[in-house]
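Treat the numbers as computed from the prediction; the structure is a model and nothing was measured. In what follows, every heavy atom counts, from backbone to side chain, and hydrogens, waters and symmetry copies are set aside.
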Amino acid sequence: MIKSKKWISIVLTLLLVLAMIPASSASASEKVTSTDGNWGILADYYNKTCTIYGYYGSEANLKIPETIDGLKVTKYILSTGGNSWTNNYKNRKAIVTVEVPNTVTELGYGSFASLPNLKSVTIPSSVKTYGESLLADCTSLEEFTLPSHMKQVPAAMFAGCTSLKTVTLHNAVTSLGDSAFAGCTSLRSIKLPSKLKTIGYNCFGVRFTDKCGLESISIPNTVTSIGSRAFISCENLASVKLSTGLTKIDSNTFEGCTSLKSITIPSNCKEVSYEAFYNCDNLTTVVIRGNAKLPGYKGPFTPSALLTIYSASAETQVTSYCKSQGVAWKSLNPPKFTSKKRTATTATLKWSKVSGATGYNVYMKTGTGSYKFVKTTTALSFKKTGLKKGVTYRFYVTTLKKDDLDQTIESKASAVYKTYLKK
């Protein structure tokens with residue numbers, strides 16, 4: 001009997017302790033409709049907050065409230081209310097603008113997706129979390145400026161925005177998500193931010209039957225990774241400048257870019273993967289500045305009578321590929337220094353003639369700075385005056401030639417001449 005009483009006492013004590021523990025916000029959440037009938041919310045009465053999962057009103061200029069029925073709105077995650085593409089808005093065609101309050105910290109998957117007449121969205125700095133497909137298939141959206149607090153463009157953020165013409169990205173953006181601009185048929189150009197590091201899979205590629213309308217792209221040298229199919233079927237893409245930071249061009253990256261006529265692969269690129277430029281039917285000139293690996297099976301280029309690959313003769317992986325695939329190859333060797341002299345204030349460089357060269361470019365680096373273009377010359381020498389003691393100078397020279405398109409192409413760098421005189 002004593003033991004029974006003891007156990008009963010323990011159980012009662014545990015129940016009392018459990019009763020004193022606050023209920024979690026998840027267990028306190030309740031799916032309700034707001035008193036005005038406009039909002040579907042997950043009400044967290046314990047924390048006095050709510051998450052919006054549905055909008056049933058008909059406002060053209062939708063201003064999301066800071067509070068609903070006395071609960072602070074902290075999340076806008078309409079996908080939790082059912083199919084995020086159809087069920088979360090009752091009158092989605094009515095909405096033209098959306099303003100998000102600064103109480104919101106999270107915008108979920110597809111929050112403003114598939115609003116056919118949406119023209120603009122105002123997003124405050126309070127938002128820290130962004131879901132994928134945020135503005136996907138908003139077919140009337142013509143321009144958008146990324147909020148300054150966003151450091152990444154989420155996956156599929158603008159996918160299928162067929163009227164999108166202008167996107168402004170601030171320089172702090174470091175990544176573009178998978179399919180971020182896929183199917184943006186009206187997007188002709190975009191300035192990529194100076195700190196960008198990665199471009200995701202199919203980033204500017206295909207969205208169902210829609211193809212991105214890009215005509216040119218300059219990829220900053222900070223970019224180290226471009227995802228597979230990133231520019232696939234960009235049929236209007238005629239001009240591409242690749243990042244010098246790239247070490248690999250992934251499979252199918254530029255497949256089907258039928259307007260592309262020339263491309264330069266930077267020296268740091270060690271591999272151009274299978275079918276990277278497959279079905280680029282008008283590709284005529286490929287300049288490869290390093291000894292990049294080119295797979296023979298499902299090779300990166302479609303062999304054609306138009307195509308010529310240029311590289312230094314020492315780049316054996318490139319020359320072997322051309323021989324095995326029957327692709328035309330021409331040498332683009334850098335100059336070789338024959339003389340390097342330095343006085344207190346001058347540096348004089350001489351180099352041997354490269355067959356077929358139309359000229360030479362000279363580059364210089366001062367101290368720990370970056371290399372800068374100095375001069376184009378047809379001579380086989382260069383003299384730099386005004387040098388100072390106690391400063392390190394570096395020079396290199398490249399060869400210039402004309403390709404089959406009569407455009408100037410440039411070799412990789414010569415050996416670097418480094419010179420330094422003590423004070």
Pairwise distance [atom1]([X]) to [atom2]([Y]) - rounded to 0.5 angstrom:
X    : Y    : atom1 : atom2 : answer
L237 : I232 : CG    : CD1   : 12.5 Å
R92  : C138 : CZ    : SG    : 8.5 Å
T302 : E255 : OG1   : CD    : 8.0 Å
T398 : K412 : OG1   : NZ    : 12.5 Å
C50  : K31  : SG    : NZ    : 14.5 Å
C184 : D210 : SG    : CG    : 9.0 Å

Do [X] and [Y] come close enough that some side-chain heavy atom pair is under 4.5 Å?
X    : Y    : value
L71  : D44  : no
V100 : F112 : yes
V104 : V73  : yes
K75  : T129 : no
W351 : T399 : no
L214 : I190 : yes
K241 : N221 : yes
F231 : I219 : yes

Looking only at atom types and distance, does a side-chain atom of [X] sit under 3.5 Å from a main-chain N or O of [Y], one as donor and one as acceptor?
X    : Y    : result
N282 : K261 : no
K401 : S355 : yes
H170 : P193 : no
S414 : V397 : yes

Between F395 and K384, is there a cation-pi geometry (under 6.0 Å to ring centre, at most 45° from the normal)? no
Can you tell me if K402 has over 12 outside heavy atoms packed within less than 6.0 Å of its NZ? yes
Counting heavy atoms not belonging to K72, are there more than 12 under 6.0 Å from its NZ?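 No, NZ of K72 has 12 or fewer neighbouring heavy atoms, counting only those of other groups under 6.0 Å.
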Single hit among F337, Y371, Y417 for ring-ring contact (aromatic ring centres under 6.0 Å, His included) with Y396: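 Between Y396 and the candidates, ring-ring contact (aromatic ring centres under 6.0 Å, His included) is satisfied uniquely by Y371.
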Strictly under 6.0 Å, is that where the ring centroids of Y55 and W39 end up? yes
